[in-house]
Amino acid sequence: MKKITAFIPFTDEEAASALVEQLIQNELIGKIFILAPYKTKRINKTEQIVTDNFQSSSTIKKIVECSGSHYTLLISKPVKINFGQFAVERFIQTAENTNAGIIFSDYLEIKDGVFQPHPLIDYQYGSIRDDFDFGPVLLLNTSALKKSAAHSKKNYTFAGLYNMRLKLSMNNSIQRIPEFLYTAEETDLRNSGEKQFDYVDPKNREVQIEMENAAAEHLKRIGAFVKPPFQEINFTGVKFEYEASIIIPVRNRETTIKDAVNSALSQKTNFNYNVIVVDNHSTDSTTEILLSLLEENKNLIHIIPQRKDLFIGGCWNEAAHNSNCGRFAVQLDSDDLYKDENTLQKIVDKFYSAKCAMVIGSYNLTDFELNEIPPGLIDHKEWTDKNGPNNALRINGLGAPRAFYTPILRKIKIPNVSYGEDYFLGITISGEYKIGRIYEPVYNCRRWEGNTDAALDIQKVNANNSYKDRLRTFEILRRQKFIRKTFAKK
């Protein structure tokens with residue numbers, strides 16, 4: 001019996017024929033199936049599965065039924081693939097040595113006719129986000145795939161493949177080969193700053209609901225699913241001189257810092273507040289601009305840390321642990337603006353009405369001149385009181401601005417990093433405490449060439465994703481422990 005049954009999506013006749021010719025030359029490949037939305041012209045030595053959605057549960061079941069080999073080779077995206085020297089053999093060798101359910105590898109991609117490396121990252125216990133990048137080529141252990149499909153009670157239109165790999169991940173059964181085993185022609189040429197908002201695009205809402213359901217079921221299976229009631233906060237226990245502090249970490253933002261500070265200072269409230277700017281040893285004119293603003297504003301506090309090893313999270317710690325920090329610590333990035341003068345009041349009101357430890361707002365995505373740009377409003381409506389804390393582990397962001405009950409910040413401590421520190425706070429706090437949400441826009445997030453995540457190279461994207469996956473791993477383990485303790489007490 002041949003070791004592999006291959007399944008490839010139909011792109012066009014020329015591309016499909018070229019890939020089929022590659023595969024039939026390899027003695028490891030047995031049957032080859034074309035996945036197409038309609039009956040197409042029969043390609044040499046192939047059979048067809050008619051499906052208009054490669055990600056559905058029904059397609060996965062058809063693949064399981066048709067795969068009569070030890071391994072199933074699945075091209076998961078309709079892109080042109082060219083396998084490298086002994087690439088298929090390397091996939092099989094690794095699968096047999098590790099007994100993994102899924103094998104994937106790094107690859108080369110062609111962008112505008114140029115070959116570029118596309119390294120991927122290792123799969124972790126916490127890599128449960130549905131946009132994890134496996135590349136377009138997966139080798140599946142057919143036996144494990146069949147077991148997964150046999151235990152799948154729900155039929156997903158969009159989350160079938162996602163649900164399958166969540167099940168296969170439970171036994172550390174997903175392995176990456178850090179070698180460039182094939183070449184793929186890249187069709188999505190957008191930069192990282194554009195791609196990161198795909199999951200909040202309203203047109204993808206139906207897809208997101210299915211992904212959320214699949215993720216929730218996975219968390220239940222592994223004992224990490226949290227549910228109400230979450231802890232509410234009694235705000236009368238601790239006295240503060242200021243009711244709120246707007247915290248702005250900054251380094252070398254001479255172009256935007258004055259606008260940000262003025263936006264903070266212009267807030268109209270029925271309580272006293274201050275603005276704490278943590279100036280992380282700027283080397284441009286940022287410090288001078290802040291000093292000039294300081295002369296006219298008594299509620300502006302300018303901190304230059306003694307430490308020189310701080311990133312954004314460390315700067316937040318400096319502000320949150322400062323004696324001038326108010327009861328509520330409210331975010332404002334140094335290149336963004338509040339939507340209007342009522343933002344701070346709305347945030348503080350939400351703390352009291354929801355009795356929550358954290359408030360997450362919604363924002364408009366704009367260019368530097370505050371003109372709205374796609375996808376416009378980012379409101380994270382996938383957050384619900386019932387399942388938001390679980391869904392937070394599936395997605396990469398939770399909205400802005402973020403605000404915190406200061407004693408909670410001081411208790412948890414913020415990681416000294418410049419990416420993911422806010423996500424850490426969101427998933428950590430939401431696992432136990434109530435979160436307040438504001439779904440109307442209260443913040444303007446400006447996208448411009450100076451943004452730290454506007455257009456990142458693949459190495460930086462990988463580093464960011466790997467770190468957030470690690471945070472998810474830590475949080476899932478923490479929640480499992482917390483849930484076990486809770487049940488033990490009962």
Side-chain angles (χ1 to χ4, degrees), residues 3-4 6-8 19 22-23 26 28-29 70-77 79-111 114-142 144-145 161-162 164-188 191-192 195-196 396 417 419-420 453 455-474 476:
K3 288 193 173 183
I4 298 176
F7 297 83
I8 62 177
L19 182 52
Q22 284 186 67
L23 294 175
N26 193 303
L28 295 171
I29 305 292
H70 292 302
Y71 298 101
T72 299
L73 181 68
L74 175 61
I75 311 300
S76 62
K77 300 175 184 177
V79 297
K80 295 180 180 179
I81 300 292
N82 184 34
F83 285 97
Q85 183 187 60
F86 299 120
V88 176
E89 288 80 359
R90 186 71 173 118
F91 272 104
I92 289 291
Q93 181 185 61
T94 306
E96 292 181 337
N97 289 340
T98 63
N99 200 34
I102 300 177
I103 301 290
F104 66 105
S105 81
D106 298 351
Y107 64 99
L108 299 171
E109 62 185 358
I110 304 176
K111 286 186 176 182
V114 178
F115 284 78
Q116 299 179 11
H118 191 114
L120 301 175
I121 61 176
D122 291 336
Y123 196 92
Q124 303 179 48
Y125 189 58
S127 300
I128 73 168
R129 55 192 167 86
D130 57 83
D131 65 348
F132 186 91
D133 186 5
F134 290 96
V137 176
L138 299 173
L139 185 73
L140 309 171
N141 182 301
T142 305
L145 183 61
L161 183 59
Y162 174 56
M164 178 271 293
R165 64 99 159 167
L166 286 176
K167 289 185 175 182
L168 293 179
S169 72
M170 291 177 63
N171 298 315
N172 194 30
S173 194
I174 299 179
Q175 297 293 330
R176 163 180 164 251
I177 305 174
E179 302 164 16
F180 302 105
L181 294 185
Y182 61 93
T183 300
E185 187 168 330
E186 179 61 59
T187 56
D188 187 350
N191 65 41
S192 61
K195 293 178 183 179
Q196 68 173 315
N396 253 347
V417 294
Y419 178 85
D453 61 352
L456 304 179
D457 60 32
I458 186 63
Q459 286 78 15
K460 189 62 177 176
V461 170
N462 282 346
N464 288 347
N465 283 331
S466 184
Y467 179 62
K468 279 193 174 179
D469 283 351
R470 183 65 67 188
L471 293 178
R472 292 183 182 93
T473 298
F474 293 156
I476 287 173

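- With a 4.5 Å cut-off on side-chain heavy atoms, Phe83 and Ile81 count as touching.
- For Arg472, the salt bridge (Lys or Arg N to Asp or Glu O under 4.0 Å) test picks out Asp469, with sequence neighbours left out.
- Scanning both residues, Gly101 and Ser173, for their nearest heavy atoms gives N-OG, 2.5 Å.
- For Tyr162, the side-chain hydrogen bond (donor to acceptor under 3.5 Å, both in side chains) test picks out no residue, with sequence neighbours left out.
- Using a 30° and 60° split on the angle between ring planes, Tyr123 and Phe134 fall in the parallel class, below 30°.
- For Lys167, the side chain to side chain contact (heavy atoms under 4.5 Å, CB included) criterion is met by Ser148, His151, Ser152, Asn163, Arg221, not counting sequence neighbours.
- The salt bridge (Lys or Arg N to Asp or Glu O under 4.0 Å) test applied to Glu89 returns no partner, not counting sequence neighbours.
- Of all the heavy atoms in Ile29 and Val88, the pair that sits closest is CD1-CG1, 4.3 Å.
- In this structure the side chain of Leu181 reaches within 4.5 angstrom of the side chain of Phe91, judged on heavy atoms.
- Open room surrounds CD on Gln85; 12 or fewer heavy atoms of other groups in view lie less than 6.0 Å from it.
- Between Phe104 and Phe132, the angle of the ring planes goes over 60°, which puts this pair in the perpendicular group of the 30/60° scheme.
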Leu74/Leu161 under side-chain contact (heavy atoms from CB on, under 4.5 Å): CA gap, chis, key distance, verdict: CA-CA 11 Å; Leu74 175 61; Leu161 183 59; 4.1 Å; yes

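- In terms of modelled atom types and a separation under 3.5 Å, the side chain of Gln124 and the main chain of Thr473 share no donor-acceptor contact.
- The CG atom of Asp122 sits 7.5 Å away from the OG atom of Ser466 when rounded to the nearest 0.5 Å.
- Judged purely by atom type and a 3.5 angstrom limit, Glu179 has no side-chain atom pairing as donor or acceptor with the backbone of Arg90.
- Residues that satisfy the ring pair (Phe, Tyr, Trp, His ring centres under 6.0 Å) test with Tyr125, not counting sequence neighbours, are absent from this structure.
- Between Lys80 and Ile110, the closest side-chain pair of non-hydrogen atoms is not below 4.5 Å.
- Between Leu140 and Met164, the closest side-chain pair of non-hydrogen atoms falls below 4.5 Å.
- For Phe180, the side chain to side chain contact (heavy atoms under 4.5 Å, CB included) partners are Asp106, Leu108, Pro117, Pro119, not counting sequence neighbours.
- Here the CD atom belonging to Gln116 is positioned 10.0 Å from the CD1 atom belonging to Ile458, to the nearest 0.5 angstrom.
- The line from CG of Leu145 to CD1 of Ile102 is 8.5 Å long, rounded to the nearest 0.5 Å.
- In this structure, Arg165 and Asp130 approach most closely via the heavy-atom pair NH2-CA, 3.5 Å.
- In this structure, Asp133 has no salt bridge (Lys or Arg N to Asp or Glu O under 4.0 Å) partners at least two apart in sequence or on a different chain.
- Glu96 is linked by a side-chain hydrogen bond (donor to acceptor under 3.5 Å, both in side chains) to Lys3, counting only residues two or more places apart in sequence or in another chain.
- The two atoms that bring Ala95 and Leu139 nearest to each other are CB-CD2, 3.9 Å, heavy atoms only.
- Between Asp457 and Lys460, the closest heavy-atom pair is OD1-N, 2.8 Å.
- Residues forming a side chain to side chain contact (heavy atoms under 4.5 Å, CB included) with Asn99 (at least two apart in sequence, or on another chain): Asn141.
- Take Lys468 and apply the side-chain hydrogen bond (donor to acceptor under 3.5 Å, both in side chains) test, not counting sequence neighbours, and it matches Tyr419.
- Every side chain to side chain contact (heavy atoms under 4.5 Å, CB included) that Thr98 has, sequence neighbours left out, goes to Thr94, Ala100, Ile103, Gln175.
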Steps toward side-chain contact (heavy atoms from CB on, under 4.5 Å) verdict (Leu23, Ile4): CA-CA 10 Å; Leu23 294 175; Ile4 298 176; over 6 Å; no

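- Under the rule for a side-chain hydrogen bond (donor to acceptor under 3.5 Å, both in side chains), the partners of Thr72 that lie at least two apart in sequence or sit in another chain are Ser67, Thr142.
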